[in-house]
Amino acid sequence: RRKIRQSPHFILGLNHLVLGQVDLAIEQLEQAAALDPEALELRLVLGNLYREKGQVGRAIHEHQSLLQRPRLSKPEHVNIQLCLGLDYRRGGFVDRAAAAFTEVLKLDPESEAALANLEKLQEDQHQWQDAYVTRKRLAQLAGTPDQPKSQSILAFLENEIGLQALKEGQLDD
């Protein structure tokens with residue numbers, strides 16, 4: 001890792017990233033990563049940059065290859081799985097994204113990022129009841145169940161649940 005951090009490619013890559021020059025950042029960080037193929041953090045960042053540039057297939061491949069590494073720590077596994085879920089979500093692979101976020105929650109039940117992304121997926125799919133349960137869990141975990149933002153989101157979801165029941169003729173619901 002020291003070799004990478006002292007590399008001019010790493011420093012230039014970070015500078016390009018700060019300046020919003022993602023293509024140049026990717027180019028420099030790829031050269032830095034070539035110095036140490038085991039540099040997990042750098043490969044993780046590169047995968048995220050690929051996703052941001054719209055190269056979702058490349059991001060998925062990068063993150064999947066990181067998951068294949070032996071001896072990943074639990075936080076590393078969680079972080080990579082979360083990034084993979086974001087890749088799938090960006091690529092429109094809803095079921096795979098939901099499965100990835102669910103896997104993150106199995107590994108780390110207190111992952112607010114996984115819950116927030118799972119809730120958004122559920123909302124996008126009009127799975128209002130599931131989104132409601134996920135939002136309640138997220139609000140409890142964040143310690144904000146009585147915050148106006150949480151209450152507003154829950155109210156919105158309750159309204160959508162009601163509208164869905166009305167459309168389906170389930171007036172008792």
> Could you state the interatomic distance from NE2 (H77) to CG (L84), rounded to the nearest 0.5 Å?
Replying inline: 9.5 Å

> Okay, side chain of K53, backbone of D23: is any donor-acceptor separation there less than 3.5 Å?
Replying inline: no

> Are side-chain heavy atoms of C83 and E62 found at a separation under 4.5 Å?
Replying inline: no

> Are the side chains of W128 and L163 in touch, meaning some heavy atoms are under 4.5 Å apart?
Replying inline: no

> Which pair of non-hydrogen atoms, one from L17 and one from A25, has the smallest distance, and what is that distance?
Replying inline: N-CB, 3.7 Å

>> Just so I know, are the side chains of Q164 and Q170 near enough to count as touching, which here means a heavy-atom distance under 4.5 Å?
In response: no

>> If I take atom CG from residue L105 and atom CG from residue L115, how far apart are they, to the nearest 0.5 angstrom?
In response: 4.5 Å

>> If I compare all heavy atoms of Y50 with all of R58, which pair ends up nearest, and what's the gap?
In response: OH-NH2, 3.4 Å

> Just how far is it from atom CD of E103 to atom CG of L82, taken to the nearest 0.5 Å?
Replying inline: 12.0 Å

> Do L154 and L121 belong together in a cluster built from hydrophobic side chains that touch within less than 4.5 Å?
Replying inline: no

>> Can you tell me how far apart CD (E110) and CD (E112) are? Round to the nearest 0.5 Å.
In response: 8.5 Å

> Any idea which heavy atoms bring D130 and Q122 closest together, and the distance?
Replying inline: O-OE1, 3.2 Å

> Between CG of L44 and CG of L66, what distance do you get to the nearest 0.5 Å?
Replying inline: 6.5 Å

> How far apart are the closest heavy atoms of V104 and A114, and which atoms are they?
Replying inline: CG1-CB, 3.6 Å

> Would you say the side chain of L157 lies within less than 4.5 Å of the side chain of E119, judging by non-hydrogen atoms?
Replying inline: yes

> What pair of heavy atoms forms the shortest contact from H9 to A32, and how long is it?
Replying inline: CB-N, 3.8 Å

> Out of curiosity, Q81 CD to D108 CG, how far, rounded to the nearest 0.5 Å?
Replying inline: 12.0 Å

>> Within the 4.5 Å heavy-atom criterion, are R43 and R69 side-chain neighbours or not?
In response: yes

>> Under a 3.5 Å distance rule, please check whether R135 uses its side chain to pair with a backbone N or O of I153 as donor and acceptor.
In response: no

>> Donor-acceptor check, side chain of H16 to backbone of V22, threshold 3.5 angstrom: yes or no?
In response: no

> Would you say the side chain of I80 lies within less than 4.5 Å of the side chain of L72, judging by non-hydrogen atoms?
Replying inline: yes

> Looking only at atom types and distance, does a side-chain atom of N159 sit under 3.5 Å from a main-chain N or O of A155, one as donor and one as acceptor?
Replying inline: no

> Taking all atoms of both residues into account, what is the closest heavy-atom pair of A59 and G47, and its distance?
Replying inline: CB-O, 3.2 Å

> Name the one of Q64, R96, H63 that satisfies side-chain hydrogen bond (donor to acceptor under 3.5 Å, both in side chains) with D87?
Replying inline: H63

>> If hydrophobic clusters are built by linking Ile, Leu, Val, Met, Phe, Trp and Tyr wherever their side-chain heavy atoms come under 4.5 Å apart, do L35 and F10 end up in the same one?
In response: yes

>> Just checking E168: does its CD atom have more than 12 heavy atoms from other residues, nucleotides or ligands closer to it than 6.0 angstrom?
In response: yes

